Trainee: 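What follows is a single structure, and I will ask about it in a moment.
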Amino acid sequence: MIALLLMANLVIAPLEDAVQFHGGKTPVASILKTAEWQTVPAQLRNSAQFSAGVNSARVVQEIQEGIGNILSHYRNAAGALTDRSGFIRDLTGLAEREGLTPLPEKKGGLEDITSNARAELIYQQQVGQAYGFADRKAAMDEDALDAAPAQELVRIREARVPRDWPSRWHQAGGRFFGDRMIALKTDGIWARISRFGNPWPPYDFNSGMWVEDVLRPEAEALGVIVPRAKLFAEPLSLENNLQMSVATLGDTFRALLSQMFGNQISFTGEFAKWIGGGA
Amino acid sequence: MTGVIVDTTDFRVSFGKILALSAKPRTIVQAACRAARTTLQRHFRMRDRMPNKLGGRRTHFWLDIYKSTQLGEVTDRYGILRIGDSRMAQKVYGGPIVAKNVRNLSIPVNPAAHGMRPAVFEREAGVKLFFVKGHNQGLLAHRIGDGYLAELKVDYVLTPRVDQDADPNALPPMQKLETDALTAAAKQLAVEVEATQTKR
């Protein structure tokens, strides 16, 4: 593309970083529930394709492929794109064929992998995390941080029973500017408010919160950043997600990971890495 | 890849003047693109507050578009805004949607079926859909009640092709995007100039 001055193009195309983030995951089948997955270090969790309580390798693989197809705008042999409703049909249908039908009292709920509600949550969570990561990566750029050093936590979707985000923000050490929840993009607050330990949204399951840029003139005027202060980008590398050092975790936790995931995880020296393939 | 060019001659001239005055033009382009991105996102948020035509459960299509609206390549001369959700192309350009994997598209007409493919709706609603021949197209319906009192509830219309008009409000007015981008660029330049003067 050649342009003399500015050619601000708006294009509808896959976001490469979102595709790569998702593509870097290894399908891991496990009966672990959400709370148990929370004990797995964020770096390892981010690189695992899992769904709480789902121990079918085929279903986990379907999630990986279906979301990957959506993010990459993949067209099948007939020329059709995968979309949200097609993904939900394929996932719930496969889960039913795999015999993952729930107890009658759980039917249709979030613990029922054959339900629309659960599949919708998986779609929102997986696509959201990939977009959130890609946006965070683009923001971690010297000029981007110069132009937009801060971001605001905003509600983009109303909830019937909204979580108390101002309290969560306050408890995590966040500052308020009027009633606005704003912080520097490099502030640790973003990972602290996240249920998943990631500095990018979504910050919780089925969350209606997201982030919007606060440009430097406004950030300086509000006192979020001192005039002329320079922020340093924190590199987000997918390479780091492929394996993680478990040297600091201790033998007990290492043994626990082995017990939880069997031959789906391998240890080489001080590093842990997903192998996948089903327990 | 499909795209919409967001620059007019006036915009180019004004933006070019700002860039020429800056020692950090890529930061200016970042500021302009990020301002335009926020304008797009707020437009999509506003669109999401409107109920869908059919009614029924919300799928929050416009919030998916919101989250996928991001910055692409940014240089010291131009920037690219990306919408990563493939469904946006249909909103912006309209055009035919043709059944590809199956013989017919299934278009929900029952609000309860909104956002769901027939197989999912059957499972969720606990109903069995069957084919009914309509006047000039097929229908998918389910039965309510038994015996001679039974009624038919039509859930989907079957058609091999749908022609959709472009949504004229899919994007905010170009004028607003340009104004917001230019304003952000000018403010960023002012910050830069002030910083330079303070150093002296």
Side-chain angles (χ1 to χ4, degrees), chain A residues 1 3-15 18 70-71 73 76 78-81 83-86 88-89 92-93 96 108 114-116 119-120 124 127-128 131-132 134-135 138-139 141-144 146-148 154 156-158 201 208 210 212-213 215-218 220 227-228, chain B residues 1-7 11-12 15-16 19 24 26-27 29-38 41 45 48 59-60 63-64 66-68 70-72 74 77-84 86-89 92 100-101 115-117 119-120 123-124 171 181 184 187-188 190-191 195 198:
Chain A
M1 185 184 303
L4 182 60
L5 299 170
L6 174 102
M7 226 166 110
N9 276 348
L10 176 63
V11 300
I12 299 163
L15 304 173
I70 288 172
L71 292 171
H73 299 192
N76 66 15
L81 287 160
D83 65 4
R84 175 195 148 281
S85 60
I88 289 173
R89 175 201 56 206
T92 54
E96 194 170 58
T114 68
S115 75
N116 186 69
E120 171 77 32
Q124 289 296 342
V127 172
Y131 287 154
D135 190 40
D141 166 287
E142 196 177 307
D143 294 328
D146 195 3
V154 293
I156 60 171
R157 177 171 51 78
E158 295 305 323
W210 205 258
E212 286 183 3
D213 283 321
L215 299 181
R216 179 170 282 272
E218 187 183 14
E220 288 186 357
R228 295 177 301 284
Chain B
M1 184 192 291
T2 46
V4 180
I5 294 178
V6 192
D7 61 347
F11 178 78
R12 279 185 181 220
F15 198 75
L19 287 183
K24 298 195 287 184
R26 188 167 176 272
T27 303
V29 178
Q30 278 278 359
C33 285
R34 287 183 177 274
R37 194 266 287 260
T38 301
Q41 287 181 316
R45 267 167 74 179
D48 190 69
T59 62
H60 295 288
L63 291 186
D64 286 347
Y66 170 102
K67 293 172 191 173
S68 80
Q70 304 199 1
L71 267 69
V74 176
R77 292 190 295 181
Y78 65 85
I80 293 174
L81 289 170
R82 283 188 168 221
I83 296 179
S86 63
R87 296 171 297 174
M88 186 61 174
V92 174
K100 287 177 177 146
N101 292 327
M116 283 187 248
R117 300 288 178 95
V120 177
R123 201 177 308 118
E124 289 293 310
L171 295 169
K187 284 185 176 175
Q188 181 62 36
V191 167
T198 310

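This is a predicted model, so every value here is computed, not measured. Here is the naming used below: chain letters follow the sequence lines, and residue numbers restart at 1 for every chain. Every heavy atom of this structure was used, including side-chain atoms; hydrogens, water molecules and symmetry mates were not.
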Trainee: Can you tell which of Arg117(B), Met116(B), Arg87(B), Lys187(B) has the highest number of heavy-atom pairs within less than 4.5 Å of chain A?
Mentor: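 The answer is Arg117(B).
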Trainee: With a 4.5 Å heavy-atom cut-off, do His60(B) and Arg84(A) have their side chains touching?
Mentor: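 They are not in side-chain contact.
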Trainee: Between chain A and each of Gly115(B), Ser86(B), Ala184(B), count heavy-atom pairs under 4.5 Å; write down the option with the most.
Mentor: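 Among Gly115(B), Ser86(B), Ala184(B), the one with the most close pairs to chain A is Ser86(B).
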Trainee: Once you round to the nearest 0.5 Å, how far does CG of Asp146(A) lie from CD of Gln188(B)?
Mentor: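 Here the rounded value is 5.5 Å.
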Trainee: So do the side chains of Gln30(B) and Asp141(A) get within less than 4.5 Å of each other, counting heavy atoms only?
Mentor: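 Yes. Closest side-chain heavy atoms under 4.5 Å.
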Trainee: Between Asp143(A) and Lys24(B), is there a side-chain heavy-atom distance shorter than 4.5 Å?
Mentor: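 Side chain of Lys24(B) against side chain of Asp143(A), heavy atoms only: no contact under 4.5 Å found.
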Trainee: Is there a side-chain contact between Thr92(A) and Glu124(B) in this structure, where contact means two heavy atoms from C-beta onward sitting under 4.5 Å apart?
Mentor: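 Counting from C-beta outward, Thr92(A) and Glu124(B) never come under 4.5 Å.
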Trainee: Answer with side chain, backbone, both or neither: which region of Leu215(A) has an atom nearer than 4.5 Å to a non-hydrogen atom of chain B?
Mentor: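 Interface part for Leu215(A): side chain.
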Trainee: Go through the atoms of Gln124(A) and report whether side chain, backbone, both or neither lie under 4.5 Å from a heavy atom of chain B.
Mentor: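 Side chain only.
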Trainee: What is the minimum heavy-atom distance between Arg82(B) and Ala13(A), and which atoms define it?
Mentor: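 That closest heavy-atom pairing would be NH1-CB, 3.8 Å.
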Trainee: When heavy-atom pairs shorter than 4.5 Å are enumerated against chain B, which of Arg157(A), Glu220(A), Glu158(A) gives the highest number?
Mentor: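 Of Arg157(A), Glu220(A), Glu158(A), Arg157(A) has the most heavy-atom pairs under 4.5 Å with chain B.
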Trainee: Is it the backbone or the side chain of Arg34(B) that comes under 4.5 Å from a heavy atom of chain A, or both, or neither?
Mentor: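 For Arg34(B), the contact with chain A is made by backbone and side chain together.
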Trainee: Out of Gly128(A), Pro201(A), Ala119(A), Gly86(A), return the one with the most heavy atom pairs under 4.5 angstrom to chain B.
Mentor: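 Heavy-atom pairs under 4.5 Å are most numerous for Gly86(A).
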Trainee: Which heavy atom of Leu15(A) sits nearest a heavy atom of Ser68(B), and at what distance?
Mentor: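 Closest approach of Leu15(A) to Ser68(B): CD1-O, 3.6 Å.
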Trainee: Heavy-atom distance under 4.5 Å to chain B: side chain of Ala139(A), backbone, both or neither?
Mentor: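 Looking at Ala139(A), backbone and side chain both touch chain B.
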Trainee: Taking side chain as everything from C-beta outward and backbone as N, CA, C, O, which of these in Ala18(A) sits under 4.5 Å from a heavy atom of chain B? Side chain, backbone, both or neither.
Mentor: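 For Ala18(A), there is no contact with chain B at all, as no heavy atom is under 4.5 Å.
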Trainee: Looking only at heavy atoms and a cut-off of under 4.5 Å, which of Ala80(A), Ser115(A), Ala148(A) has the most pairs with chain B?
Mentor: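 Of the options given, most contacts go to Ala80(A).
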Trainee: Run the side-chain contact (heavy atoms from CB on, under 4.5 Å) test on Asp135(A) and Arg37(B) for me, step by step, so that the C-alpha distance in whole Å, both residues' side-chain angles and the decisive distance to 0.1 Å come before the verdict.
Mentor: CA-CA 12 Å; Asp135(A) 190 40; Arg37(B) 194 266 287 260; 3.2 Å; yes
Trainee: Counting heavy-atom pairs closer than 4.5 Å to chain A, which one of Val120(B), Ile83(B), Asp64(B), Thr59(B) comes out on top?
Mentor: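 Of the options given, most contacts go to Ile83(B).
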Trainee: Of all of Pro14(A), Ala134(A), Gly208(A), Ala144(A), which one pairs up most often with chain B through heavy atoms under 4.5 Å apart?
Mentor: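 Of Pro14(A), Ala134(A), Gly208(A), Ala144(A), Ala144(A) has the most heavy-atom pairs under 4.5 Å with chain B.
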Trainee: So which part of Glu96(A) gets closer than 4.5 Å to some heavy atom of chain B, the side chain, the backbone, both or neither?
Mentor: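 Just the side chain, heavy atoms under 4.5 Å.
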Trainee: Glu120(A) versus chain B, heavy atoms under 4.5 Å apart: side chain, backbone, both or neither?
Mentor: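 The side chain, not the backbone.
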Trainee: So which residue, Arg216(A), Arg89(A), Glu218(A), ends up with the most heavy-atom pairs under 4.5 Å with chain B?
Mentor: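 Among the listed options, the one with the most contacts to chain B is Arg89(A).
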Trainee: With chain A as the partner, which of Asp48(B), Val74(B), Leu71(B), Asn101(B) has the greatest number of non-hydrogen pairs under 4.5 Å?
Mentor: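 The option with the most such pairs is Asn101(B).
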Trainee: Relative to chain B, which segment of Ile156(A) carries a heavy atom at a distance below 4.5 Å: side chain, backbone, both, or neither?
Mentor: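 For Ile156(A), backbone and side chain are both near chain B.
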Trainee: Do Val127(A) and Lys67(B) make a side-chain contact, defined as non-hydrogen atoms from C-beta onward lying under 4.5 Å apart?
Mentor: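 Side chain of Val127(A) against side chain of Lys67(B), heavy atoms only: no contact under 4.5 Å found.
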Trainee: What residue, out of Gly108(A), Pro227(A), Gly132(A), Gly79(A), has the most heavy-atom pairs lying under 4.5 Å from chain B?
Mentor: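 Heavy-atom pairs under 4.5 Å are most numerous for Gly79(A).
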Trainee: Measuring heavy-atom distances to chain B, does Asp83(A) have an atom under 4.5 Å in its side chain, in its backbone, in both, or in neither?
Mentor: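 The side chain, not the backbone.
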